[in-house]
Amino acid sequence: MRIDILTILPKLLEGPFADSIMKRAVEKSHAEIHIHDIREYTTDKHNKVDDYAFGGGAGMVMTIQPIADLIDKLQQERAYDEVIYLTPDGEQLNQSICNQLSLKGNLMMLCGHYKGVDQRVRDMYITREISIGDYVLSGGELAAAVLTDAIIRLVPGVLNDETSALSDSFQDHLLAPPVYTRPADYKGNKVPDILTGGNLKAIDQWRHEQSVERTKQRRPDLLSGEE
Ligand code: 6GU
């Protein structure tokens with residue numbers, strides 16, 4: 001899996017992939033993440049990547065030229081399965097979309113800023129528009145980091161048995177059950193007896209019941225079968 005991220009703030013994307021599971025995925029060649037600075041492609045003599053909106057109104061719009069040149073260059077080098085634009089007016093991200101995208105080979109992600117990109121970028125290049133929730137971020141970078149993390153951990157080989165994605169919340173439309181570790185008694189707050197009793201079948205059943213109970217309480221919408 002190769003992910004190319006197009007941004008005007010490449011520094012924002014240095015941190016999220018530098019540690020833990022993402023770092024290991026890259027080191028073990030399960031994933032390649034390439035960050036591209038859109039500003040390096042502008043032909044504007046003042047290095048501008050934005051301009052006023054035609055028709056007026058507050059806020060700047062990201063110009064088409066540097067983005068189009070960068071996307072053209074990348075698409076000449078390889079075919080992309082999806083060219084994703086991260087935007088609050090996109091389709092809301094969920095586990096099912098992450099599962100789909102984790103099966104792809106090459107993904108491009110464009111991070112928006114200001115009032116967004118010139119609509120012609122969207123019309124000419126973008127195959128999918130994704131939002132990570134109903135709130136507004138200052139730019140698409142953190143959303144691209146969220147999407148990349150959620151996808152890459154699903155690529156076969158990235159997680160081991162202990163961190164398996166199969167037991168994640170949402171993977172089976174249920175939230176994860178409560179978990180405990182040592183000590184078994186912390187200042188009188190005890191771990192449920194069932195977990196220390198050694199009956200694996202009973203433990204599995206308890207965990208499933210807890211998952212269902214938690215989902216009923218917190219996210220009944222998940223139980224209706226929809227995403
Ligand atoms: Cl993808 N971008 C921005 N700027 N804000 C968001 C978002 C994306 N998803 C939720 N809020």
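Whatever order the structure lists them in is the order used to number ligands and atoms, beginning at 1.
- Among Glu77, Glu82, Arg78, the one residue that satisfies the side-chain hydrogen bond (donor to acceptor under 3.5 Å, both in side chains) test with Tyr80 is Arg78.
- Taking the side-chain hydrogen bond (donor to acceptor under 3.5 Å, both in side chains) definition, one finds that Arg122 meets it with Asp89, Glu129, sequence neighbours left out.
- Among residues at least two apart or in separate chains, side-chain hydrogen bond (donor to acceptor under 3.5 Å, both in side chains) pairs with a member in residues 133-147 are Thr7-Glu141, His113-Glu141.
- For residues 188-200, no residue pair satisfies the side-chain hydrogen bond (donor to acceptor under 3.5 Å, both in side chains) rule, not counting sequence neighbours.
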Just list the N/O pairs, ligand 1 to protein, that are under 3.5 Å apart, with the distance for each.
{"unit_1": "ligand 1", "atom_1": "4 (N)", "unit_2": "Leu137", "atom_2": "O", "d": "3.1"}
{"unit_1": "ligand 1", "atom_1": "5 (N)", "unit_2": "Leu137", "atom_2": "N", "d": "3.0"}
{"unit_1": "ligand 1", "atom_1": "9 (N)", "unit_2": "Ser131", "atom_2": "OG", "d": "3.4"}
{"unit_1": "ligand 1", "atom_1": "9 (N)", "unit_2": "Ile132", "atom_2": "N", "d": "2.9"}
{"unit_1": "ligand 1", "atom_1": "11 (N)", "unit_2": "Tyr135", "atom_2": "O", "d": "2.5"}

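- There is a side-chain donor-acceptor pair under 3.5 Å between Asp69 and Gln65.
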>> Walk me through whether Glu91 and Ser131 qualify under side-chain hydrogen bond (donor to acceptor under 3.5 Å, both in side chains).
In response: CA-CA 6 Å; Glu91 173 188 13; Ser131 157; over 6 Å; no

